Each structure stands twice: as structure tokens, then as C-alpha cells.
Amino acid sequence: MAERKTLDERQQMSEAERLRHSCAHVLATAILRLWPDAQLAYGPAVEEGYYYDLDLKHRITPDDFPKIEAEMKKITKENLVFEKVTVTREQALRDAETGRLGALTERPEPSRFKLENVRSIPEGEAITYYKSGDFLDLCAGPHVMRTGNIGAFKLTSVASAYYKGDEKNPQLQRIYGVAFKNKTQLEEWEKMQEEAKRRDHRKLGAEMGLFALDAEYVGPGLALWLPAGGAIIEELETLAKQTEFQAGYVRVKTPHIARKLMYETSGHLPYYADSMFPPMVVRENTTADRFLSENIEVAEESLTMLRDGLVKAGFLLSPDEVRNNPGLLRDALARISSLRMEGDVGEVIKQNALYALQSELRATYAGEPNYYYLKAMNCPHHHRIFSAQPRSYRDMPLRLAEYGCCYRYEQSGELFGLMRVRSLNMNDSHIYCSPEQFAQEFNAVNEMYLKYFKIFGIEKYVMRFSTHSKEGLGKKYVDQADLWVKTEDMVRRVLKESGINYEEVPNEAAFYGPKIDVQVWSVIGREFTLATNQVDFAVPGRFGLVYRDKDNSDKTPLCIHRAPLGTHERFVGFLIEHYAGNFPLWLAPEQVRVLPITQEQIAYCEEIVKELRGQYVRASMEFSNDKLQGRIKRAEEAKAHTMLIVGGRDQAANAVSVRVHGKGDLGSKPRAEVIADILAAIRERRP
RNA sequence: GCCGGGAUAGCUCAACGGUAGAGCACCUGAUUUGUAAUCAGGUGGUUGAGGGUUCAAAUCCCUUUCCCGGCUCCA
């Protein structure tokens, strides 16, 4: 549940929000006319429209929408006035008790959510109703004047939502809708929805052959990059590698798994075990394991001897004797293997004895198995790289960079195309520095973000500065109160001094320190955390990382975790929607498609392709039985960035006709000039 | 993980208790083309999986996997 809004804040609702919120009341009225016993909870305006949460025995499905919408239509036609009524607390409680609140009439059952809402209103705050026709709702408003002001609306979906957003509360039915001043705006919205569907990265990703999600064989949330998508991530990696190289980073490479000790040390296991894949249990091939697997039948048989006490010697062998001469025990067991137990009792004894023997052998020889975890983050591996060599203050700042593949066990219901996956290729780096170097390093990271945003034309973004909360210390956050405050001050200062636009969000930090998340919006309105930049004052200490300072003392470095391009998965997902699949030349999976008009030009076209590919341009020639128009249509549909069309006239003039995806025919130009321009556009990463 | 809705050819969809079909894609052939669809033919399916009801199941029922819309979560 969001923070309770003050009355003043509520009054600041925009015109559109007032309209949406009013439509929520109209929706509620319609529901009550159809199902008078509905228990209403909340009906706020949200970014796109509005919803109303309610509890109702009847399960509302989209099939009910026409019926509800028809009723809503009647209500807007009735043009009811939204009338504000101020009441006393006692009156409000009474109306909730009699079921009148959030209803059309008094009802046998109290309006239980409204009752709770009344009770949660702070003493002294005015309590108001809004009344439209018979519908009376506890509501701070504001509203439009009349229901008739709502010119157009539509119910969009029905879902469930936890009461007050708490997983432990029961789920209510939530009906979503949109509302507009007039029909034209509704139509515009519908058009936008169509456009959004068209741009959906899942749809474009399949159409363009960028990636595949093979849940059956690979697993849900584990993306396969197809060659076209692979081309994009190669470009992104090149961009990152070049940028990081120039910024003084060094590249490392680490395995995808690590032993349990790693994550016990990092603190991830206690804090984030749930979002890691369960461990692989690896039992090394010890003497006891080998023995058991080779002699399991003999061992079983031999247990009969326990009862008869015949071959105690087999168990009295010392571990060393067995280890040095496994044949001894085997022989002993073999000798008594002819003995057999009869009946149920014998079977039970045998089973117990087998278990005892196995445990004994395991405890003696095998010890604890090894647990390996798929890494959910790269930092621990990088910390171990830090400690793999002695470090001096002269080495600092040390910027270790890697495109590391991490695995996170996201909840099944959370997976979403490429945006939320279980294997992530992170544009990761850890910067180890001294407190004195921190401001400059942190600033440089932020600058790098801005540089990237410019390349991709990302204009709308917010840096969210997430800080800790005192209550979370020792639970959600490492229990080092003074370091939290100190580090957060440090970050805040850098942000203020650099003049970067940011907003502070309490109680959202990483467990080891404050972080900055970069929120962006794709053109179709989807919001993402694209990149992240975190300060870690805790984990380097847990790993005992130190560098030798000028004064010959060992100091623990600060660590900045940063991932300006986030993960390949989310970033490419974002880019697909951002560009609607129409990537700039440098990113386009298919950069150049050369189309000879007749067979006569094939040799000439092959030469052009060869020249382009020699310069690492993703170019190919396409000649088929189709007419030119058809081939152009297919090239456009495939979103090939640049088409070079070559007919007899072009070849005679050593020229090519250029057509750019979405821009149409640009005319015939000298071949050398065209190729030079293509190379320049790629090199400069022109938008 | 929770609530709800889905899953038919590579893609978009049809058949809604009675012989699984169309367009595009793909393959073959003809056509050699000047800027968003040349023509003809052909291949393609255990209807997500498993069970049940029925003379008969893509269709009805149950289980399960996955996907979608939300919620919760998100280092």
C-alpha cells in the first residue's frame, strides 16, 4: 500500500485523474446495480486508467464486461451529480455498519472494507462522502461535476489483487478500465494499444528472429539468442568494452558457479537464498562412495550378518584399513553373502542395518558433500579476483569488468519475455576504491550512463536513489547503522554536486549499501529499471579484502557495483520496443541487403558484399525468383537497414541504388561513396 | 508463489461432439524483373502433455507444463 496521501495532495489530482477516479465510481455503481452485495475496497485512478477492488462471490470475467459497460453507459446518461458530503466519524462508522457505505442502499452485511477505511482515517481529518445518485462512497475526491462528463470509457481487464497489496491478505477482484473526455480520445488510446502490441519485444523478437524462449527444453526464463539477436548483443558488448577500456577498466572472466562458502561469505545466502537456484550437491568420488556403489548388493546381503553377529569383523575394520585395502571388507561381505534373512522382521532389520552401514561409511569416508550454486551476481567472484593478488593503493581504483552470466530463480509468475528472465548477461563491473576516490569514481559512472543514454536516444529517465531504513537493519540490510548514514551522505553529495536529476526512495537499498537505479520508459509506456549503480561498504570487508595503503596499513576498499547497460536481456528487450525493431545501422542485425535486379548483376553484387564483409559489415546478397517489388517488400518486412539495389544502369556507372528501411528510395549513388558512408555511420554509431 | 484467462502447421487464425482447414512462410518449377506481394504445384499436425467421459473428443471433465493479464516480489 502506498503512503497515505494527505487531503491536500488529493486535491491536486489532474483533470484526467479526476475523470478516471470518477469513472471508478461509475464502475462501482454499475457493479452494485448488478450485484448489490459486492463489498467495495478501493477505486483509485492509476497511470493509464482506474480500477476498483472488490470482493464478490460471482467471479467477474471479461464476458461480464458488456453487461457492466451497458450499465455504466446508463449511469453516465443519467448525468448524476457528484455531491460532496462531510460527515462526522460516528455517522461514517454507522453507515459502514449498516452496509450503506460503498453501496446503493443499506444492506444486511456491514461494508467491511469501508469500515476499516473509516477507522484508518486519522483523528481530526475531515471525513467526506461522494454521492452520485444512490451510490454513496467514502471518498476524499475530487471528482468531475457529473457522471455525464465522462465521455468515453472501456473496461480493460479483470485480475486479482491482494487486499492492501499484502501477500498475506486475501485476494480481491480488481476490475481495470480507462476513461476519457470523449470518444476521440478513447479511439486514440485504442490506437496506442495497437501500436504497443506491434512493438512488443516478444512479438518483434520472434518475427525478427532475435531470440527464442524454449521453456520445454531449456527452461522458462532462459533466453536463447538467435543469430540476429546475437549480432545486437555483440555490438552492445563491443560498445561496453570500448567505453570501459577508455575509462580505465580491466576485463576479467569468471565461472558461472561457485561453492557455498562464497555465498555464505558474501551474505547472499542468508539475504537472498530464495532468488538463487537451489544448489547442486556434488559428492566427490570417495573410497566409501566407490565401495558402496560397487558393492551395494553385497552390502545389503551382508547386513544379515549384523543380526547373527557373525561377521562383526567387517565393521571393526578401521577406516585406514578399508581405505588401504577395500578388498578386505568386500571379502568379508562376500563370505556372508550366502546368508539370507527370512520374513518381515528380517527385512526391517536388513533395511535398518543397510541405512546404518551407509551412514557409517559416509560419515567415515565421504564427509559433507560439496554444494555449488549458480551465481546470481558477479561480485563475489570479482572479490576473489581482488584477493587473488596482493593489492597496493597504487592499484586503486581497480575496475574489474565482465559480461557475466548470472542466474536468478525469479518466481514463475514474474517471468516476462526478455524483461524478467532467469539467466542474465550483465554489463557488470566492480570498482574498488578508497573513500577519497569514491566521489570521482561514482561521478564517472554516472557520466558513463549519460553517455550511453545519448547514444541510444534515451531522453526520459529518472535516477532513483534507494536508501535503507532503520527498521530493516539486521534483516533486509547489513547491520552497520553508521556506515549506512555515512555512505548515503557521500552518494547524496555526489548526486547534488553533479546536478543529476534524481529522486530519493527510502527502504529500497541493496542489502550491502545504497543504490541508484535508472528508471526508463519505453515509447510504449513500459517502465524499466535499466541500469544500476550501487555502493557496497559491507561485502569487501566480509571477504577480508584489503589493500596496502601509503602508511603501510591494510585498508578495506569501498566497492561500486555498476551495470549501465543492465543485462543483455532487458536492454535488448527495451531497445526492441524503443526502436520498434528499426535499429540504427550499427545495431541492425541485418545491416545491408544487396539486391541484383537480374542475374547479370550478381557478380558485381557479390563484389560489393565481399567488400562490406571485409569491413565487418553484416551484408548479404539476395536474389530469388521473385519480382523486385516482392523482394523489396520482404527486405522491408525483415527490417534490413540498407538495401542496395543494383540494375544494369547502376553497374555500368559503378554505382548502387540506395534504399533505407522505412525511408524509401534514395536514388543511385557512386558505389565508393555509399560504402564509405555506411562504414562511417557504423563507426560513429549514428542514431 | 497467488487469482484469472489461454495453448490448433514456423506465423496469423478457422473448425466448437461426427473425415483437422485457409492465408503467409518453406520446398519445386516457370518467369529475369528498376523500389512494399509474378504464376503454378508441393511438403507440413499424436490439436502443449497425461488421464477420463463417449459409439465418436481439437471440442466435455480432471491433472500437469508452459504462456498471457494482474497481484506479490525484483541484488
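Each chain gets a letter, A, B and so on, in the order its sequence line appears, and its residues count up from 1. As the structure is a prediction and not an experimental result, all values here were calculated from the model.
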Item to check | Identified stems (criterion: three or more consecutive Watson-Crick or G-U pairs, under 3.5 Å), RNA chain B | outcome: B:1-7 with B:65-71, B:10-13 with B:21-24, B:26-30 with B:38-42, B:48-52 with B:60-64
Next on the checklist: Can a side-chain donor-acceptor contact be found between A/Y407 and A/H256 if the only test is distance below 3.5 angstrom?
Outcome noted: yes
Next on the checklist: Less than 6.0 angstrom separating the ring centers of A/H641 and A/F583, yes or no?
Outcome noted: no
Next on the checklist: Quick check on RNA chain B: between A/S157 and A/H268, whose nearest nucleotide comes earlier from the 5' end?
Outcome noted: A/S157
Next on the checklist: Rounding to an integer number of angstrom, what distance separates B/A22 and B/G41 when you compare their P atoms?
Outcome noted: 13 Å
Checklist entry - With sugar-phosphate meaning primed atoms plus P, OP1 and OP2, does A/A376 contact a base, only sugar-phosphate, or nothing at under 4.0 Å between heavy atoms? => result base
Checklist entry - So which one's nearest nucleotide on RNA chain B is more toward 5', A/Y512 or A/A215? => result A/A215
Checklist entry - Which is true for A/Y162 with a 4.0 Å heavy-atom rule: it touches a base, it touches only sugar-phosphate, or it touches nothing? => result base
Checklist entry - How about A/R542: does its CZ atom have over 12 heavy atoms from other parts shown lying under 6.0 Å from it? => result yes
Checklist entry - So what does A/R202 hit on the nucleic acid, given a heavy-atom distance under 4.0 Å: a base, only sugar-phosphate, or nothing? => result sugar-phosphate
Checklist entry - Looking at A/Y432, A/Y263, A/Y512, which hits ring-ring contact (aromatic ring centres under 6.0 Å, His included) with A/H383? => result A/Y432
Checklist entry - Between A/F511 and A/H268, is the gap from one ring center to the other below 6.0 Å? => result yes
Checklist entry - With a non-hydrogen cut-off below 4.0 angstrom, is A/Q534 in contact with a base, only sugar-phosphate, or nothing? => result sugar-phosphate
Checklist entry - Quick one: which of B/C71, B/C2, B/C73 gets closest to the side chain of A/Q171? => result B/C2
Pick out the pairs of N or O atoms, protein on one side and nucleotides 33-41 of chain B on the other, that lie under 3.5 Å.
unit_1	atom_1	unit_2	atom_2	d
B/U33	O4	A/S624	O	3.4
B/U33	O4	A/N625	O	3.3
B/G34	O6	A/G648	N	2.8
B/G34	O6	A/R649	N	2.7
B/G34	N1	A/D650	OD2	2.9
B/G34	N2	A/D650	OD2	2.8
B/G34	N2	A/S657	OG	2.7
B/U35	O2'	A/R659	NH1	3.0
B/U35	O2	A/R659	NH1	3.1
B/U35	O4	A/S657	OG	3.2
B/A36	N7	A/R659	NH2	3.1
B/A36	N6	A/E636	OE1	3.3
B/A37	OP1	A/Q629	OE1	2.5
B/A37	N7	A/K633	NZ	3.4
B/U38	O4	A/N625	O	3.3
B/U38	O4	A/D626	OD1	3.3

